[in-house]
Amino acid sequence: MSESLLQPPGPLYEMAQHQFLKAAELINLDENIKRFLLWPQRILTVHFPVMKDNGEVQMFVGYRVQHNTARGPAKGGIRYHPNVNLDEVASLAFWMTWKCAVMNLPYGGGKGGVRVNPKEFSEREIERLSRRFFSEIQMMIGPNKDIPAPDVNTNEQIMAWYMDTYSMNVGATVLSVVTGKPVDLGGSEGRSEATGRGVSIVASEAADVLGMDIRNATVAVQGFGNVGSNTARIISKEYGAKVVAVSDISGGVYNENGLDIDDLISYRDENGGLIKGYPKGKPITNRELLTLDVDILIPAALENAITADIAKDIKAKIIIEGANGPTTEEAEKILLEKGVFIVPDILANAGGVTVSYFEWVQDLQSFFWDIDDIRKKLKRIMVKQFGEVYKTKKKFNTDMRTAAYIVAIDRVAMAVKRRGYYPM
Ligand code: NAD
């Protein structure tokens, strides 16, 4: 697959290339387009200094990668984590291209990261790090070039600092340069619940096509952070599903009559962010949660949560990937053989980037929409794109992940074809 003089940034990126090639081959993708889309378009590595509160200067490394910008400016989050590396950032940028395309958003794929454990630094140090990093990558960034957003360990305050830093550097306030900002500073209503809302919408669509009644369907959710808790809340309160189990890093809780999610969220918030010790249910492990006899399983914690060993014991009929990459390649094979219907991450958790897109549009127009409007627009897009992917799955007699890739690749390929290979 590799061009003789090109090297993938690492093994994760190589795996991502395989996923792409599986779908590309099914649709006989033009060889020139395939060659072009296999590689990240731009990679920037920066080493930069941050003055700590004690006056010492520490050096950091950070990255911004744009995989492809054929359909529009790059879009994708920036994460702060001690394991950040170029392979991971490039792979996440690659996946963002397909996630934006499967939602038909006018964006390409990007991602960034800084290798840092933010818990070891004060808020002022994180502010200085954020502002310096954003200045370092500014040559790639802009409302028409590349629009970052929050990811692991970055939040709306950091987005506000990014926006302010860019604005100070260019001498004008530019709200549309990042998304995921606070609502009182150009952020969008509904952004924080958007991923969980999108997950709930596609869960309901998946139940529909399988002839399952979402009302009273039993659900288990792994992860009780932003995605997991919003999903559990919305799928139970608005769709009538019965969430019988949730878990987080501290373990899980099970109640066969259904959990009161608002009550559990309050408990978590008063208990250092963890659900451990919640009294209105029986404690269970994460493995037990994943293998419960439920209709719908929603992994919404981390990548690689569902391994081959767990997959063989999974009883759920539907899996909705709230997290990015929660199912290993081996596990997916086992699940597909068992007939489990898997809605892949690039479709299932795309509600977040979709409302980020709404934020960018609102900032560019300086005209803000209300929450009902945002929920309606999000639902319309998610239902439509779920339908496109499902239709493609039927047409190619394939799984939902490959179908989602096919839909996305088709759209990006069309943009590449129409734009051509400059200079011709
Ligand atoms: P978060 O940090 O708010 O929550 C993560 C949750 O997972 C926490 O409850 C944590 O305790 C739990 N967790 C961590 N390790 C675990 C383990 N080993 N077993 C069980 N639970 C564990 O993060 P989030 O924003 O909810 O993101 C979750 C996933 O969804 C990530 O894969 C992220 O990339 C993906 N995602 C998030 C968004 C978004 O808008 N937040 C959008 C798209 C995709």
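For this chain, numbers begin at 1 and follow the sequence in order. Indexing begins at 1, ligand by ligand and atom by atom, following the structure's order.
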Carboxylate-amine/guanidinium contact [X] [Y], below 4.0 Å:
X    : Y    : value
E127 : R124 : yes
R401 : E332 : yes
K111 : D151 : yes

May I ask you to check if ligand 1 and V152 share an N or O to N or O distance below 3.5 Å?
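The answer is no, given that V152 and ligand 1 share no N or O pair closer than 3.5 Å.
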Could you tell me whether E303 and ligand 1 have an N or O pair separated by under 3.5 Å?
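In this structure, E303 places no N or O atom under 3.5 Å from an N or O of ligand 1.
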Examine the proximity of ligand 1 to V227 and report which part, side chain or backbone, both or neither, has a heavy atom under 4.0 Å away.
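Looking at V227 and ligand 1, atoms from backbone and side chain both fall under 4.0 Å.
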Applying a heavy-atom cut-off of 4.0 Å, say which part of R191 lies close to ligand 1: side chain, backbone, both or neither.
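Contact part for R191 vs ligand 1: side chain (C-beta onward).
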If you count the non-hydrogen atoms of other residues, nucleotides and ligands that lie under 6.0 Å from NZ in K384, is the total more than 12?
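It does not: K384 NZ has 12 such atoms or fewer within range.
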Atom NZ of K276: over 12 foreign heavy atoms under 6.0 Å
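Open.
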Run N83 and R115 through side chain to side chain donor-acceptor pair (under 3.5 Å) and show every step you take.
CA-CA 6 Å; N83 297 341; R115 208 171 160 88; 5.7 Å; no
Identify the protein heavy atom lying closest to [atom], giving its residue, its atom name and the separation to 0.1 Å.
atom                    : result
atom 23 (O) of ligand 1 : N226 N, 4.5 Å
atom 34 (O) of ligand 1 : N324 ND2, 3.0 Å
atom 18 (N) of ligand 1 : I249 CD1, 4.1 Å
atom 9 (O) of ligand 1  : F224 N, 3.0 Å
atom 28 (C) of ligand 1 : A301 O, 3.3 Å

May I ask you to list the atoms of ligand 1 that are less than 4.0 angstrom from any heavy atom of [X]?
X    : answer
L302 : 15 (N)
D248 : 9 (O), 11 (O), 20 (C), 21 (N), 22 (C)
G322 : 30 (O), 35 (C), 44 (C)

Please report whether atom 2 (O) of ligand 1 has a protein non-hydrogen atom at a separation of less than 4.0 Å.
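Under the 4.0 Å cut-off, atom 2 (O) of ligand 1 has no protein heavy-atom neighbours at all.
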Checking the side chain of Y239 only, and the main-chain atoms of N216 only, is there a donor and an acceptor separated by less than 3.5 Å?
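No.
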Would you indicate which of N286, T285, I346, T195 comes nearest to atom 40 (O) of ligand 1 when only heavy atoms are counted?
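Going through N286, T285, I346, T195 one by one, T195 has the nearest heavy atom to atom 40 (O) of ligand 1.
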Given A323, G225, A300, identify the one with the heavy atom nearest to atom 30 (O) of ligand 1.
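Shortest heavy-atom distance from atom 30 (O) of ligand 1: A323.
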Sub-4.5 Å side-chain heavy-atom contact between F368 and S188
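SC-SC contact between F368 and S188 ruled out.
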With a 4.5 Å cut-off on side-chain heavy atoms, are D399 and T402 touching?
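Side chain of T402 against side chain of D399, heavy atoms only: contact under 4.5 Å found.
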Intermediate values then yes/no, side-chain contact (heavy atoms from CB on, under 4.5 Å), V416 and F36
CA-CA 9 Å; V416 170; F36 180 33; 3.6 Å; yes
